[in-house]
Amino acid sequence: LEFTTDSGVFSRAHVDPGSLLLIDAARPCEGRVLDLGCGYGPIGITLARDYPEAQFVLSDVNRRAVALCEENIAKNKIANAKALFSDGCAELDGTFDQIVSNPPIRIGKPALQNMWRDCREKLNDGGTFWIVIRKKQGAPSAAAFLTELFGNCETVARKAGYHVLCCKKGESIKTKEGKRT
């Protein structure tokens with residue numbers, strides 16, 4: 001894959017290690033998939049190439065990022081993806097079977113938690129929510145919040161301080177006593 005990037009988008013010089021870890025972990029992709037905060041598109045475009053039967057929506061609040069993403073979708077001849085402008089999930093129609101995100105940590109914890117609540121609402125029952133977050137940027141507290149929000153949260157991959165977390169809508173976790181919560 002080839003990507004055009006520009007100033008004002010996250011990790012423009014190269015695909016960051018967290019995104020690469022998320023790309024490797026968030027598989028398989030089925031149904032309708034959202035890449036929230038897609039930037040110029042490395043996560044969503046890579047997954048769309050690898051899963052041509054799934055339908056991908058790549059969204060970002062940065063209009064320049066959306067334009068670059070559209071350009072990269074066309075450049076890489078990805079027929080099952082489209083790029084849309086959206087502030088979080090606000091402008092997105094329908095629901096999704098999977099949401100992946102390398103979230104914008106700099107917006108702060110309250111805004112991130114609101115975004116994650118919105119993502120939960122946009123997921124179909126049984127849908128999965130995947131994020132990558134560095135331990136030093138709050139992976140443990142994110143996992144605790146997501147466990148409370150979804151009733152489950154699993155760390156599915158770790159590398160160089162990055163954690164990929166996955167939650168499934170509609171499933172609870174077992175307590176130490178073996179009871180479901």
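Worth saying up front: this structure is predicted, and the values here are computed from it rather than measured.
Looking at every heavy atom in both residues, L92 comes nearest to S86 through CG-OG, 3.6 Å. When all heavy atoms of L165 and C153 are compared, the closest pair comes out as CB-SG, 3.9 Å. Annotation for G18 and V132: closest pair O-CG2, 3.5 Å, computed over non-hydrogen atoms. When every heavy atom of A26 is checked against every heavy atom of V100, the shortest pair comes out as CB-CG1, 3.8 Å. The two residues I99 and C119 have their closest heavy-atom pair at CD1-O, 3.5 Å.
Distance alone, capped at 3.5 Å, is enough to place a donor-acceptor pair between the K122 side chain and the G94 backbone. Between the side chain of N80 and the main chain of A48, a donor-acceptor pair closer than 3.5 Å is present. Checking side-chain atoms of R120 against main-chain N and O of F150 turns up no donor-acceptor pair under 3.5 Å.
Counting non-hydrogen atoms of other residues, nucleotides and ligands closer than 6.0 Å to CD of E148 gives a total of 12 or fewer. Within a 6.0 Å sphere centred on NZ of K82, heavy atoms belonging to other residues, nucleotides or ligands number 12 at most. Surrounding CZ of R158 are at most 12 heavy atoms belonging to other residues, nucleotides or ligands under 6.0 Å away.
Using a 4.0 Å cut-off between a side-chain N of Lys or Arg and a carboxylate O of Asp or Glu, K159 and D24 do not qualify as a salt bridge.
By the criterion of side-chain heavy atoms lying less than 4.5 angstrom apart, applied directly or through intervening Ile, Leu, Val, Met, Phe, Trp or Tyr residues, V61 is not grouped with M115; the two fall into different hydrophobic clusters. A single hydrophobic cluster is seen to contain both I43 and I78, as judged by linkage of ILVMFWY side chains at heavy-atom distances under 4.5 Å, directly or through other members.
For the atom pair CG (D35) and CG (L84), the distance works out to 11.5 Å, reported to the nearest 0.5 Å.
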